[in-house]
Amino acid sequence: MKNFLSNVWTKRVMALISAGYAYLVCYLCYYAIFYDIHITSSVSVCLLTSGISIIALIVMLYTRRQLITRIASFVILPAMLPVVILYFGEWSIILPIMITGASILLFSGAGEGAKTAWGTITILLYIFGALGYFLFTSFFMATAKETVIESGISPSGKYRYRVVNTEDSSNGSTTVYVEPNYADVSFFNNENPMVTFTLKNMERAVHIERPIAENIDLQWETQFREDITKQLNKISDKIAFTVTDEELEKFGYTFDSKLNISMSDIEAEDKFAIGKTAHDVDPLPLDNMNTNQLAYFGIGKEGDRYYVLNPDAELLANHEDSVGNIYFSELTEKEMKQFSVEKNHTIYLNELNDEQLAELGVSDEGDIMTFNGKVCFRFYIAELGDYYDIDSRKLSLDLLT
């Protein structure tokens with residue numbers, strides 16, 4: 001047994017546990033940045049985290065001279081910085097990992113000079129990180145008093161909401177927030193989890209009323225997609241939403257059919273030259289322009305496709321492989337802007353049928369919320385407008401609040 005434990009290959013294999021523990025710490029760092037934490041049983045979490053940390057520490061001390069363990073010992077404490085700052089107060093999960101990280105850094109097989117230098121850098125990171133976070137929260141976060149007066153889950157269980165009264169210097173306001181109820185990540189028993197992580201920045205204010213509402217009548221109901229389409233088209237025939245290039249192609253739109261002149265970006269004299277007024281700012285589709293108007297912007301038309309009438313030397317050099325005309329479908333966005341042309345990715349709701357809406361991901365039926373008799377949230381609009389993109393991760397200052 002002694003020979004087995006002293007074998008270098010045994011230590012190298014066991015060192016992989018050090019890498020696994022460091023990976024888990026980095027994973028927790030990722031969650032700290034993008035998720036809020038909710039611990040329902042601090043004792044259970046503390047015991048579990050402590051148990052895992054003790055096992056990892058024993059293994060790391062056993063393999064302290066292995067390269068993998070040395071690297072892990074340098075990773076743990078810096079990776080815990082976002083966790084300590086953003087989950088401050090959740091000591092049941094912070095303390096066991098911090099003690100383990102500090103212990104292995106002190107007793108790892110790395111050189112004393114390297115450990116001293118890295119320890120100093122880590123301490124400075126914590127000092128300046130905590131100071132920066134304190135300054136940000138002190139000077140840039142709102143100081144208005146908020147009170148949650150009602151919260152709950154929609155009938156389908158897909159959304160959750162809360163009604164918040166905010167007291168400020170402008171007589172206050174009542175705001176209704178809705179967020180997805182399917183983006184949470186739970187650990188250790190999904191029915192009664194010890195830890196639940198909820199995505200940050202998913203709440204969307206769907207209704208704001210000033211001053212504070214005296215009476216609150218919030219109701220949910222279920223409606224079908226086809227019925228909502230009819231309701232929305234009665235309200236307006238200009239309801240538009242953004243789609244991707246692939247979706248445009250799927251619905252029969254060609255690249256050239258969605259090209260516009262950006263009227264808001266051109267001078268008044270250019271508008272006058274094509275018979276428009278200085279007040280015309282709505283995008284002008286190329287399909288609605290005649291030959292003279294197109295030629296004014298250096299655009300020619302061949303069948304259903306648009307091309308550059310008189311390309312300059314730079315454009316010719318960039319598209320030297322093109323045979324014949326240089327078509328706008330071959331240009332980059334930057335090159336199209338030289339001709340005041342942009343591609344429009346919007347589609348009007350009344351242009352689509354029910355099957356196409358289903359292809360865009362709109363459910364057959366879903367939740368509708370009314371607040372004091374007014375519709376303020378429709379699942380239909382949330383899905384069509386991709387309100388809750390739970391797969392995207394973007395770094396922003398909002399994640400610090």
Side-chain angles (χ1 to χ4, degrees), residues 20-56 76 79-101 133 137 141 146-164 175-206 218 220 366-367 369 377 379 382-383 386-401:
Y21 186 78
Y23 171 79
L24 290 176
V25 173
C26 291
Y27 203 56
L28 181 60
C29 171
Y30 166 82
Y31 269 77
I33 294 172
F34 294 105
Y35 289 81
D36 290 317
I37 190 171
H38 307 276
I39 297 177
T40 56
S41 177
S42 297
V43 175
S44 299
V45 170
C46 184
L47 290 174
L48 180 64
T49 308
S50 298
I52 295 173
S53 297
I54 289 171
I55 295 172
I76 294 172
M80 280 296 292
L81 176 59
V83 181
V84 172
I85 291 177
L86 297 174
Y87 290 169
F88 190 80
E90 302 294 351
W91 305 118
S92 60
I93 199 170
I94 293 175
L95 284 180
I97 301 175
M98 290 296 292
I99 293 172
T100 301
Y133 182 73
T137 54
M141 288 184 65
E146 293 187 348
T147 304
V148 179
I149 57 175
E150 186 177 336
S151 62
I153 300 175
S154 67
S156 69
K158 193 172 183 179
Y159 304 101
R160 57 173 174 256
Y161 72 94
R162 63 189 186 112
V163 183
V164 179
T175 307
V176 182
Y177 295 97
V178 177
E179 65 178 329
N181 197 38
Y182 51 85
D184 298 349
V185 179
S186 300
F187 290 96
F188 316 115
N189 186 358
N190 288 333
E191 295 182 0
N192 188 23
M194 287 192 291
V195 182
T196 300
F197 294 92
T198 57
L199 262 178
K200 297 179 181 178
N201 295 341
M202 281 290 105
E203 273 195 334
R204 193 179 184 97
V206 298
L218 191 147
W220 286 96
D367 302 311
M369 176 198 284
F377 176 81
F379 81 96
E383 294 178 351
D386 200 16
Y387 282 6
Y388 305 114
D389 184 4
I390 64 172
D391 296 321
S392 67
R393 301 290 184 272
K394 297 179 181 178
L395 292 173
S396 67
L397 292 177
D398 292 337
L399 296 173
L400 299 177
T401 58

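None of these values were measured; they are calculated from a predicted model. Heads up: numbering here begins at 1 and tracks the sequence.
- For Tyr159, the side-chain hydrogen bond (donor to acceptor under 3.5 Å, both in side chains) test picks out no residue, with sequence neighbours left out.
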Got a list of side-chain donor-acceptor pairs under 3.5 Å for residues 23-30, not counting sequence neighbours?
| from | atom 1 | to | atom 2 | distance (Å) |
| --- | --- | --- | --- | --- |
| Tyr30 | OH | Arg393 | NE | 2.9 |

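- The side-chain hydrogen bond (donor to acceptor under 3.5 Å, both in side chains) test applied to Ser44 returns Ser41, not counting sequence neighbours.
- Aromatic ring centres of Phe197 and Phe187: separated by under 6.0 Å.
- Checking side-chain atoms of Thr49 against main-chain N and O of Ile94 turns up no donor-acceptor pair under 3.5 Å.
- Listed by chain and residue number, Tyr161 satisfy the side-chain hydrogen bond (donor to acceptor under 3.5 Å, both in side chains) test with Glu150 (two or more places apart in sequence, or in another chain).
- When side chains are defined from C-beta on, Met194 does not count as touching Leu47, because their heavy atoms never get closer than 4.5 Å.
- Residues forming a side-chain contact (heavy atoms from CB on, under 4.5 Å) with Asn201 (at least two apart in sequence, or on another chain): Ser396, Asp398, Leu399.
- Not counting sequence neighbours, the partners of Glu179 by the side-chain contact (heavy atoms from CB on, under 4.5 Å) test are Arg160, Met202, Glu203.
- When the ring pair (Phe, Tyr, Trp, His ring centres under 6.0 Å) test is applied to Tyr182, no partner is found at least two apart in sequence or on another chain.
- Remark: Ile85 engages Leu81, Tyr133 in a side-chain contact (heavy atoms from CB on, under 4.5 Å) (not counting sequence neighbours).
- Ser53 meets the side-chain hydrogen bond (donor to acceptor under 3.5 Å, both in side chains) test with Tyr21; sequence neighbours excluded.
- Note that the SG atom of Cys46 and the CG atom of Leu95 stand 7.5 Å from one another [nearest 0.5 Å].
- The ring pair (Phe, Tyr, Trp, His ring centres under 6.0 Å) search around Tyr177 returns none, not counting sequence neighbours.
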